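A quick write-up on the structure given underneath.
Because the structure is predicted, anything quoted here is derived from the model rather than measured. Values below: all heavy atoms of this structure, side chains included; hydrogens, waters and symmetry mates excluded.
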Amino acid sequence: MASTAYVSTWPTDPRAFESLFEATPSAIFALDRAGRIVGANAAASVLTGYSRDELTALDISQLALESVAFVTEALAAAEKREASAAEMDFQRKDSSLVPVQVTTIPIVDGKHAGGVFFRVEEAQYLTEMRRTRAHMRTLAYYDSLTGLPNRIFFQERLRDALEHAPGQLPCVALLFLDVDRFKDINDTLGHALGDRFLQLIGERLVLLVKNRGIVARLGGDEFVVLAPCAGDGEVHELAEELLATADQPYRIEGYEQFITTSIGISVYPDHGRNDQALIKNADIAMYHAKEQGRNAYFFYDEALEAPIRSRLAQEKQLRLALKRDEFVLQYQPIVQIADGNPIVALEALVRWNHPSEGMLGPDAFIPAAEASGLIVPLGEWVQKTGAVQMREWQKRFGFLVLAINISARQFHQRDLCERLVEIVNSAGLPPQAIEVEITESMALFDAEHAIETIHGLKRIGAQIAIDDFGTGHSSLNYLRRFDADHIKIDRSFVAGIGGPGSDDGIVKAIIAMGHSLGLKIIAEGVEMPEQYEFLRTQGCDLVQGNLFAPPMDPLQLEKLLAARA
Ligand code: C2E
Ligand code: CA
Ligand code: CA
């Protein structure tokens with residue numbers, strides 16, 4: 001009796017299946033043979049955003065936009081009572097796309113097959129994957145520090161621009177912008193503030209360029225502006241504006257900081273027909289701007305390449321020379337004026353014994369070594385070789401100081417002091433036997449940093465000489481704060497002693513000022529007895545120059561030291 005309360009037989013009225021169709025969580029579309037939507041369930045409406053009435057006015061291919069072929073095949077298969085399945089995108093009413101998995105079920109009406117059920121389910125994992133992909137795309141295409149497009153993005157855009165350029169644009173300009181001496185900024189401010197600097201620069205460039213082009217960061221301190229333009233005049237204007245905006249003061253941590261930039265420009269089609277060539281040539285022009293003194297822009301020109309090629313070749317040679325041990329040190333005595341001119345120190349002066357060009361002086365290769373960074377290993381070679389040599393001479397001839405020159409790049413090395421201590425220690429030479437010569441202009445370039453480094457060097461026991469003194473613009477205040485031991489009067493002033501200019505007065509003033517600050521004075525480049533006499537009567541403490549001894553090879557110098565002993 002109770003069983004009559006249940007439906008115990010298969011429903012025979014087809015309308016009974018409508019409840020199943022309606023309530024199924026999958027979206028189901030009933031299609032006729034032509035693909036017109038003749039019925040859709042509630043889930044279909046939710047998935048697509050269309051009402052049921054709207055859906056029944058559509059053709060399935062209006063939803064499965066890119067998969068029309070599949071729809072046609074599925075309908076044909078249904079005629080043969082075959083099912084099919086696929087993944088595709090459905091376009092919603094709001095035009096957004098949703099990735100879906102579709103299964104088709106042939107509609108079999110008695111003996112006839114005709115039309116098809118489209119069962120459609122949102123492919124969740126595909127949606128996830130798309131989201132991740134979009135995120136990855138941002139990661140891959142944007143620079144995380146500045147938020148600017150990165151090199152990959154930029155290159156794609158450049159290629160796009162070139163593809164569309166013929167006919168449409170007179171030209172496309174690429175302005176390659178590099179911050180001048182950014183390494184020094186990083187070394188003095190630290191990397192966190194260096195990063196902040198780059199962000200600020202990026203923001204400024206974007207503000208300036210606006211919709212005239214795109215700004216990207218290529219890496220490090222290199223930015224690039226890609227700008228379609230009507231002609232060279234427009235590019236000149238933009239470059240001027242870029243230089244001017246970059247060198248406005250930056251407020252970082254409450255301080256005003258200044259930078260300048262160098263810009264290299266290449267223009268399509270004159271300076272290259274593809275992205276690679278344009279980037280390379282803008283880079284070459286940028287290098288040229290640096291070499292011409294920075295804070296400038298240059299257009300690419302074939303003629304710029306030759307000097308750069310030869311410098312690259314020289315760099316390669318220098319690298320090899322270091323490997324092959326082609327550098328040699330000469331030593332030049334520094335003698336005291338009082339007590340019969342004893343030799344108190346030796347300045348190490350590097351030379352390159354070039355296999356084909358003979359002995360080259362430092363002016364011929366130090367600039368290239370400095371520019372390429374090779375000065376660091378070369379400088380360490382000088383320190384090591386000098387220290388070992390000096391240790392030997394000290395054993396035989398008593399205490400002598402080794403004076404070494406360091407260049408700007410070395411001076412800004414963070415671990416300069418530590419490395420130097422390590423080198424002299426392993427040579428067995430006390431740090432007190434080292435004098436580091438720092439040029440006046442180097443010390444003044446970033447005086448606060450110089451003071452810190454000089455104090456570090458003094459803490460390890462080394463002495464300090466301010467080299468080429470008189471060529472820069474030291475203030476008394478800095479000179480006092482540098483806390484050096486010696487001033488070396490630049491040889492150009494010594495050469496002018498007794499001459500028509502005012503060099504006598506300058507030399508006199510330097511000596512008096514140095515003494516008032518408790519510094520000893522070395523005059524370099526002393527060639528003539530009259531120069532020596534003048535210096536002696538003015539109270540100069542030490543002299544160095546060909547009058548006493550030119551720079552000498554170790555063997556020669558040994559003879560001199562032995563004769564004097
Ligand atoms: P500097 O430090 O001013 O070195 C003194 C220069 O004056 C040397 O030139 C020396 O040969 C020259 N000199 C010495 N006595 C006289 C003289 O009586 N008359 C004249 N006219 N010149 C004299 P050098 O050896 O060609 O060195 C040139 C510069 O190269 C040096 O100038 C120094 O700044 C740099 N340098 C030399 N060795 C090194 C090194 O190991 N590392 C670095 N970073 N720079 C170095
Ligand atoms: Ca020197
Ligand atoms: Ca000098």
Side-chain angles (χ1 to χ4, degrees), residues 330-349 361-363 397-405 433-444 454 463-476 478-480 482-552 556-557 560-561 563-565:
Q330 289 194 331
Y331 299 86
Q332 186 176 33
I334 297 174
V335 305
Q336 190 174 298
I337 290 184
D339 306 326
N341 300 148
I343 294 173
V344 292
L346 299 170
E347 180 176 4
L349 294 161
D363 295 338
F397 306 111
F399 187 81
L400 280 168
V401 168
L402 173 72
I404 50 172
N405 294 284
I434 297 287
E435 176 152 77
V436 177
E437 299 196 355
I438 297 159
T439 66
E440 184 188 25
S441 51
M442 243 159 69
L444 290 174
I454 291 172
Q463 301 186 56
I464 305 293
I466 306 291
D467 204 351
D468 299 350
F469 192 85
T471 54
H473 305 278
S474 294
S475 72
L476 273 176
Y478 276 136
L479 209 51
R480 186 176 50 75
F482 285 151
D483 194 21
D485 302 275
H486 294 107
I487 282 177
K488 294 187 86 167
I489 303 177
D490 190 67
R491 58 179 187 274
S492 60
F493 299 110
V494 175
I497 290 175
S502 54
D503 286 347
D504 288 14
I506 292 173
V507 171
K508 234 162 127 172
I510 294 175
I511 294 171
M513 180 196 62
H515 281 166
S516 75
L517 292 170
L519 298 163
K520 290 219 156 95
I521 316 296
I522 305 171
E524 61 178 17
V526 180
E527 294 177 348
M528 294 182 293
E530 310 84 76
Q531 292 166 345
Y532 173 74
E533 260 323 291
F534 178 81
L535 291 160
R536 192 183 60 79
T537 53
Q538 293 306 321
C540 182
D541 304 279
L542 301 137
V543 281
Q544 175 183 9
N546 295 349
L547 179 64
F548 302 91
M552 295 171 159
Q556 273 179 298
L557 191 81
L560 179 71
L561 289 172
R564 289 241 184 172

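Ile521 is not listed as a side-chain neighbour of Gln538, based on a closest heavy-atom distance of 4.5 Å or more. Contact check for Leu517 versus Arg480: side-chain heavy atoms found under the 4.5 Å cut-off. Residues Ile511 and Asp541 fail the side-chain proximity criterion, which asks for heavy atoms closer than 4.5 Å. The side-chain heavy atoms of Leu519 and Ile466, taken from C-beta on, include no pair separated by under 4.5 Å. For the pair Gln332 and Glu524, the minimum side-chain heavy-atom distance is 4.5 Å or more. Proximity of Ser492 to Asp503: side-chain heavy atoms (C-beta onward) are nowhere separated by under 4.5 Å. Residues Pro551 and Asn546 meet the side-chain proximity criterion, which asks for heavy atoms closer than 4.5 Å. By the 4.5 Å heavy-atom criterion applied to side chains, Leu560 and Ile343 are counted as neighbours.
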Margin query: Could you walk me through whether Leu349 and Asn405 satisfy the side chain to side chain contact (heavy atoms under 4.5 Å, CB included) test, starting with their C-alpha distance in whole Å, then the side-chain angles of each, then the deciding distance to 0.1 Å, before giving a yes or no?
Written below: CA-CA 8 Å; Leu349 294 161; Asn405 294 284; 3.8 Å; yes
Next item on the list: Begin from the C-alpha positions of Ile337 and Val543 and carry the test side chain to side chain contact (heavy atoms under 4.5 Å, CB included) through to its verdict.
Entry: CA-CA 7 Å; Ile337 290 184; Val543 281; 3.9 Å; yes
Next item on the list: Would you please test Leu479 and Phe469 for side chain to side chain contact (heavy atoms under 4.5 Å, CB included) and show each step?
Entry: CA-CA 11 Å; Leu479 209 51; Phe469 192 85; 3.8 Å; yes
Next item on the list: Kindly indicate, with the supporting measurements, whether the criterion side chain to side chain contact (heavy atoms under 4.5 Å, CB included) is fulfilled by Asp490 and Glu440.
Entry: CA-CA 10 Å; Asp490 190 67; Glu440 184 188 25; over 6 Å; no
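Leu535 CG to Ile522 CD1: the interatomic distance, rounded to the nearest 0.5 Å, is 12.0 Å. Considering CD of Gln531 and CG of Asp504, their distance stands at 10.0 Å, rounded to 0.5 Å. Put simply, CD1 on Ile497 and CD on Glu527 are 11.0 Å apart, with the number rounded to the nearest 0.5 Å. Residue Arg491 holds its CZ atom at 7.0 Å from CG of Asp468, rounded to the nearest 0.5 Å. For the atom pair CD1 of Ile464 and CD1 of Ile434, the computed distance is 11.0 Å after rounding to the nearest 0.5 Å. Here the CG atom belonging to Leu444 is positioned 11.0 Å from the CD1 atom belonging to Ile438, to the nearest 0.5 angstrom.
Listed here is the closest heavy atom pair of Phe397 and Ala565: CD2-CB, 4.4 Å. The shortest non-hydrogen separation linking Ala433 to Leu400 is CB-O, 3.8 Å. Nearest approach of Ala403 to Glu437, heavy atoms of both residues: CB-OE2, 3.5 Å. Of all heavy-atom pairs spanning Val494 and Ala523, the tightest one is CG2-CB, 4.0 Å. Across all non-hydrogen atoms, the minimal contact from Ile404 to Ala348 is CG2-CB, 4.3 Å. Among all heavy-atom pairs drawn from Thr471 and Phe493, the shortest one is N-CE1, 4.1 Å.
A salt bridge does not link Glu435 with Lys488: every distance from a Lys NZ or Arg NE/NH1/NH2 to an Asp or Glu carboxylate oxygen is 4.0 Å or more.
Residue pairs meeting the ring-ring contact (aromatic ring centres under 6.0 Å, His included) criterion with at least one member in residues 501-533, sequence neighbours excluded: Tyr532-Phe548.
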